[in-house]
Colleague: 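Below you'll find the structure I mean.
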Amino acid sequence: MATSNAHDLDCLTIAELEKLAAERMDKQTRDYYNEGADHGSTLAENMSAYQKYRIRPRVLRDVSSVNTSVSIFDYTNSIPLGVAPTAMQGLAHPDGELATARACKNTGIVMGLSSFSTTSLEDVKGALGPGHPAALQLYLFEEREESKRLIQRAKKAGYKAVFLTVDTPVLGRRNLEIRNQFKLPKHLKVANFNRDEDAHHSADSKEDKKKPDEETGANQSRKRTQDSDSKRTPPKGPITFHTHAPNPTLVWERDIAWLKEICHPEMQVWVKGIATAEDALLACHHGVDGIVVSNHGGRQLNGALATIDALPEVVEAVRSQSKKIPVHVDGGIRHGTDVFKALALGADFVWVGRPVLWGLAYKGQEGVELCLKLLSDEVRLCMGLAGVTKVEDIGKEYLVKLDRSGFMSRL
Ligand SMILES: Cc1cc2nc3c(=O)[nH]c(=O)nc-3n(C[C@H](O)[C@H](O)[C@H](O)COP(=O)(O)O)c2cc1C
Ligand SMILES: CCCCCCC(=O)C(=O)O
């Protein structure tokens with residue numbers, strides 16, 4: 001992405017973007033997008049943990065040409081950052097995921113699409129165009145047929161990878177969502193499911209094909225979590241994120257093999273939501289194509305480690321294996337220097353969730369482009385000021401870590 005001198009003077013930082021977006025979203029949307037689980041301490045630490053690291057800049061190196069691009073899915077991505085999959089973008093702006101896709105296309109940035117998008121995966125891929133890479137985030141349902149159909153559609157549409165979300169065996173406790181009795185407004189739908197085209201495949205009753213009621217879904221989800229194992233049955237009825245996304249039955253052995261069988265070779269299989277070395281090793285053992293270190297933006301297990309703190313052990317575990325797979329990270333990235341720090345700690349790439357939603361709420365496609373341009377300019381500036389001209393040269397020698405008393409240690 002070329003650096004340009006044209007600025008939106010109302011919005012020069014992601015922090016300003018957050019404020020501008022907050023003024024434009026209704027309460028239900030703002031709360032749904034911004035909240036973390038329980039007390040929100042993991043959400044807050046995802047961001048604050050970056051402050052434990054300081055950059056050691058090098059000087060008198062020719063930085064007249066800084067190349068921020070990296071290769072992902074055989075595509076030259078303009079910066080080492082992608083748009084993380086976030087559900088129901090139609091809440092932020094009428095153009096929803098289409099606006100995000102157009103912005104990704106214009107800025108040369110890979111897009112992750114949530115299974116629970118308000119635009120169909122085919123329309124999103126159409127907006128990105130044939131050469132532009134996208135990954136479909138997957139919630140693997142207990143009842144497999146619907147998931148299988150979704151994967152086959154993604155393959156046909158040209159998605160490069162499936163990101164299986166593994167940090168949602170049950171729904172995290174989001175108190176504002178509960179208090180607001182979150183409901184998808186009537187004019188929006190989860191566009192990949194409950195489609196008329198799928199009706200002939202489905203044994204759903206007529207009753208099941210009514211528009212999903214998210215409020216009822218949230219209650220069902222809570223009830224299912226409280227039920228004892230012996231009473232478990234796969235969720236029935238219309239597909240909502242509350243009812244179908246959480247799947248407590250998923251296991252490494254059976255489910256990764258099943259997914260690889262369906263996705264390979266056209267689409268890669270990644271796991272999103274890894275936070276420990278043990279699970280990183282299992283991911284390698286089960287032959288996944290990549291890992292995203294994530295805690296779902298602090299929306300699932302509150303009290304979990306900040307992702308930048310989980311990253312080093314995951315990187316070390318993966319590097320101990322003979323076959324190296326890429327390690328990406330998301331959560332709390334709000335500035336180009338955060339991107340630099342994550343890469344210095346061993347991430348190959350980062351993904352950004354809420355800032356993109358704020359851009360979308362602020363000004364649709366233009367707002368998402370603004371968000372991506374701010375981060376891109378900051379990455380380029382950080383690299384130049386740190387004395388690095390290529391992304392692959394960013395290493396741990398560029399960081400120090402501060403402990404609680406402010407003592408610094410080299411990594
Ligand atoms: C409103 C919202 C919706 C999300 N929806 C999904 C989703 O459908 N699937 C998923 O795997 N992750 C989802 N995430 C998590 C993101 O993919 C990502 O892990 C997280 O937003 C990164 O943290 P950040 O928002 O601090 O950048 C969602 C996050 C938010 C904020
Ligand atoms: C089991 C979590 C389902 C939530 C679907 C959307 C999402 O990932 C999020 O709100 O976060």
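Just follow the structure's listing: the first ligand is 1, and inside any ligand the first atom is 1.
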Colleague: Do Thr118 and Gln89 pair up side chain to side chain, a donor and an acceptor below 3.5 Å, judged on atom types alone?
Modeller: no
Colleague: Can you classify the ring geometry of Phe73 versus Trp270 as parallel (below 30°), tilted (30 to 60°) or perpendicular (above 60°)?
Modeller: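 Taking Trp270 first and then Phe73, their aromatic rings stand perpendicular (interplane angle over 60°).
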Colleague: Which residue pairs satisfy the ring pair (Phe, Tyr, Trp, His ring centres under 6.0 Å) criterion with at least one member in residues 285-306, sequence neighbours excluded?
Modeller: Trp252-His286
Colleague: Consider only side-chain N and O atoms of Thr165 and Thr168, and report whether a donor and an acceptor are under 3.5 Å apart.
Modeller: no
Colleague: Is there a donor in the side chain of Arg173 and an acceptor in the side chain of Gln300, or the other way round, less than 3.5 Å apart?
Modeller: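 There is no such pair between these side chains.
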Colleague: Distances under 3.5 Å, N/O of ligand 2 against N/O of the protein: list each pair and its distance.
Modeller:
unit_1, atom_1, unit_2, atom_2, d
ligand 2, 8 (O), Tyr139, OH, 2.6
ligand 2, 8 (O), His296, NE2, 2.7
ligand 2, 10 (O), Tyr32, OH, 2.6
ligand 2, 10 (O), Arg174, NH1, 2.8
ligand 2, 10 (O), Arg299, NH2, 2.9
ligand 2, 11 (O), Arg174, NH1, 3.3
ligand 2, 11 (O), Arg174, NH2, 3.1
ligand 2, 11 (O), His296, NE2, 2.9
ligand 2, 11 (O), Arg299, NE, 2.7

Colleague: Heavy atoms under 4.0 Å from ligand 1: which residues qualify?
Modeller: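 Answer by chain and number: Tyr32, Tyr33, Ala84, Pro85, Thr86, Ala87, Ser114, Gln137, Tyr139, Thr165, Lys272, Ser294, His296, Gly297, Arg299, Asp330, Gly331, Gly332, Arg334, Val352, Gly353, Arg354, Leu357.
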Colleague: Quick test of your reading of the model: are Lys27 and Asp31 salt-bridged, counting only N-O distances below 4.0 Å?
Modeller: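 Here Lys27 pairs with Asp31 in a salt bridge, since their nearest N and O are under 4.0 Å apart.
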Colleague: Provide the full list of ring pair (Phe, Tyr, Trp, His ring centres under 6.0 Å) pairs with a residue in residues 13-32, sequence neighbours left out, each pair given once.
Modeller: Tyr32-Phe182, Tyr32-Phe241
Colleague: With no hydrogens and no angle check, do the side chains of His39 and Asn175 hold a donor and an acceptor under 3.5 Å apart?
Modeller: no
Colleague: Using only heavy-atom distances, determine whether the side chains of Thr337 and Glu378 contain a donor-acceptor pair under 3.5 Å.
Modeller: no
